[in-house]
Student: 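I'd like to ask you about the structure that follows.
In this text, all values refer to a predicted model and were calculated from it rather than measured experimentally. Proteins get letters first, then strands, A, B, ... in listed order; numbering begins at 1 in each.
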Number of protein chains: 2
Amino acid sequence: MARSKATINDVAKAVGVHPSTVSRVMNPGTRHMVTAEIAKKVTEAARGLGYHRNALAHSLRTRRSSTVGVVIPDITNPVFPPILRGIEDTLAAVGYIAIIANTDGAPDRDAVVLEHMLARRVDGLILATARRKDAVVDRCIAEEVPVVLINRTTGKDSVVPSVVNDDVRGIGLTVSHLTGLGHRRIAHVAGPQDLSTGLERHRGFLAAMKAAGLKADPALIAVAGVYSEREGQRALLTLLDGKKRFTAVVAANDLLALGCYEALVSRELSCPRDMSITGFNDMPFVDKLNPPLTTVRIQHYEMGVQAAKVLLERITDPQARRVDLRLEPSLVVRGSTGRPAS
Amino acid sequence: MARSKATINDVAKAVGVHPSTVSRVMNPGTRHMVTAEIAKKVTEAARGLGYHRNALAHSLRTRRSSTVGVVIPDITNPVFPPILRGIEDTLAAVGYIAIIANTDGAPDRDAVVLEHMLARRVDGLILATARRKDAVVDRCIAEEVPVVLINRTTGKDSVVPSVVNDDVRGIGLTVSHLTGLGHRRIAHVAGPQDLSTGLERHRGFLAAMKAAGLKADPALIAVAGVYSEREGQRALLTLLDGKKRFTAVVAANDLLALGCYEALVSRELSCPRDMSITGFNDMPFVDKLNPPLTTVRIQHYEMGVQAAKVLLERITDPQARRVDLRLEPSLVVRGSTGRPAS
DNA sequence: GCAGGTTCTGCAAACGATTGCAGGGTTTAC
DNA sequence: GTAAACCCTGCAATCGTTTGCAGAACCTGC
């Protein structure tokens, strides 16, 4: 840590005023309390000495750290970087910073990460790791620290605000796209059902099929244990090994869809000739795949921005009414979907 | 709520001892100073009250924030997430955390980001944004805050430690792979020459060509202004518009290589039939491209780990001898390279 | 010239922890 | 039996800021 850093006392001494005066000058909200002339001398001395407020001492005294914790499963999942940018850019604009922790989806890591963040006295938390029943969320409520859930949410009766995608609608877009192409027997590689995204997209799939006048065959639904390429591959292979035939598969996210690609390759099936595939998230570079992936585009960056805004509002006014934002997804049609080979 | 608010004084009062005693119990290094019996009572009371040390107060008093700043160009660049994981995992193991800032490569953002981090009294910095002449690095040296450069480095006479790839060797691998396939006329889409990576890879290209007994034709080298798909596309188009013919192109990184793909598509050339292409970095998902990209794999995660280790060492012993680590790259041969169409 | 009102600045107590020093108590040694 | 040696624990200062309160100085109006 910087040893030679000038403190408020040094500045005060240099100008010949009391430290509290310097404090008032450095603080926009109280600058008006001190004579313009003195203020000028103080700012000059401060600049001359290279003074910068010690954020630690400031936070300790004011009980505001201007820090928020962001908990995500894994930053190497390409969905998260744009979200983080949205969060960080928004926070930075008001002098806040984010500290990030990866949990790898392990609920026990959650707890220790949370303690760490509470110890650092974060002003609030953004959680992208919420499970439908989530101890961490409960803990935060008990501790009365402002929280907003992002991407995923807990049970529907949640009391904490959230910013999520309209998962039901998003899946609906893929299904109607496929039925529009003439597909009737559509399979679903569902995500983990203890995550709101997995559950909602599953529900959305059932609803959309029904709306299209088709029946969603339970034998054509495979559930992945986690969102990963490997699980997607496994799930689709299971379906292919089943008795029921199908011409298209709606994957609950892009990673699962990638796994589906692999499964097709290993069975020497061609996409989209033998099988159409759709994803969810429009991760970076899925437009470069072979074939380019038809998927649901979500507003990554915007999601981060909104989550940060909601949280900041919560921090300044803890009594603020809870909001639940649901961002509008859109369909990006690319090469992985086509007419069924009659 | 009383839980997060519990201070060392509350615990002291509950047990009937002095706060300093509690402090000594909570601190592993001083626990031996207090009777086992009292220590037990203190820890129990602490647990009961849900006491957790206030990291802010602790840092203020001890002048160690257990925080390091990480400055990167842009987290949405897929190279960085694995590096960050390496950093964060390593730091977390010893109770440190990272705060991350994106500069978008803008040198003026650098400065404000740096001030922010210094204000938060980071114990050290990891910079992935170094230019060959870098004001921020100079500033850190002046402030005597420990720094390590990652991925890129400054001029060769630098006094700060660094953890980088062996760029020269990496490029050498691509060139000898191509010459091994029979290519003789090889072009180079170089990166920005004010970044060490761009410069070193350029040098490496020249050296490798020479070593292969070929001459690197200046007319077959195009320099990209930034590492981006667009610049890669522009650069290759420029080369294709030139008089000189060539059968392969060595791009200075994967994003540039992606741009080269686009350029070929727009000229209706096929890779690798008409033109072989190599990248650098082995970003996630480049194995899924069409064709899969032959590229240089670097040790992303390990780079983060090493950088964090070097920094931690520097923090505990500022006099430690400077180290420069150079990580070994390897070649990953995929579908984007083949024999030249004689 | 004086009561009453405005500004401004200084004082000192926090915020929550750590730590050198001193003193009380117990044990050991002679 | 007493001095020396030890082991604990408490005291109080400190890290760098902020902020309620008090008082000094100046101004205003009568």
Student: Report the distance from atom CE of M33(A) to atom P of dG10(C), rounded to the nearest whole Å.
Tutor: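 Spelled out: CE on M33(A) to P on dG10(C) is 14 Å.
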Student: From CZ of R31(B) over to P of dC8(D), roughly how many Å is that when rounded to an integer?
Tutor: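 After rounding, the gap between these two atoms is 14 Å.
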Student: Identify which one of D194(A), T153(A), T154(A), D110(A) satisfies the side-chain hydrogen bond (donor to acceptor under 3.5 Å, both in side chains) criterion when paired with R131(A).
Tutor: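 Looking at D194(A), T153(A), T154(A), D110(A), the match for R131(A) under the side-chain hydrogen bond (donor to acceptor under 3.5 Å, both in side chains) is D194(A).
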Student: Output yes when E44(A) and K40(A) qualify as a salt bridge under the 4.0 Å nitrogen-oxygen rule, no when they do not.
Tutor: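 A salt bridge links E44(A) with K40(A).
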Student: Rounded to the nearest angstrom, tell me the gap between atom NZ in K13(B) and atom P in dT9(D).
Tutor: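 The answer, rounded to whole Å, is 20 Å.
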Student: Applying salt bridge (Lys or Arg N to Asp or Glu O under 4.0 Å), which residue pairs with at least one partner in residues 49-71 of chain A are found, sequence neighbours left out?
Tutor: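 Qualifying pairs, neighbours excluded: none.
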Student: Only one of D89(A), I75(A), I126(A) forms a side-chain contact (heavy atoms from CB on, under 4.5 Å) with L84(A), so which one is it?
Tutor: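 Exactly one candidate clears the test, I75(A).
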Student: What one-letter contact string describes nucleotides 17-23 of chain D from 5' to 3', where B marks a base within less than 4.0 Å of any protein heavy atom, S marks contact via sugar-phosphate atoms alone, and - marks no contact?
Tutor: BBBB---
Student: For dA14(C), does either OP1 or OP2 sit under 4.0 Å from a side-chain N or O belonging to R63(A)?
Tutor: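 It does not, given that no N or O in the side chain of R63(A) lies less than 4.0 Å from OP1 or OP2 of dA14(C).
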Student: I38(A) near the nucleic acid: base, sugar-phosphate alone, or nothing, with a heavy-atom cut-off under 4.0 Å?
Tutor: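 It contacts sugar-phosphate atoms only.
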Student: What is the separation between atom CG on L60(A) and atom P on dC15(D), rounded to the nearest whole Å?
Tutor: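 These atoms are roughly 14 Å apart.
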Student: Looking only at heavy atoms, which two atoms of H18(A) and A12(A) are closest? And how far apart?
Tutor: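 Here H18(A) and A12(A) meet closest at C-CB, 3.9 Å.
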Student: Could you give the CZ-to-P distance, from R120(B) to dC15(D), as a whole number of Å?
Tutor: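 For the pair R120(B) CZ and dC15(D) P, the rounded distance is 22 Å.
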Student: Name all pairs fulfilling the salt bridge (Lys or Arg N to Asp or Glu O under 4.0 Å) condition that reach into residues 306-321 of chain A, sequence neighbours left out, sorted by first residue then second.
Tutor: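 Applying salt bridge (Lys or Arg N to Asp or Glu O under 4.0 Å) to every pair that reaches into residues 306-321 of chain A, excluding sequence neighbours, yields nothing.
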Student: Measure the distance from CG on L49(A) to P on dG16(D) and round it to the nearest whole Å.
Tutor: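 Those two atoms, CG and P, are 14 Å apart.
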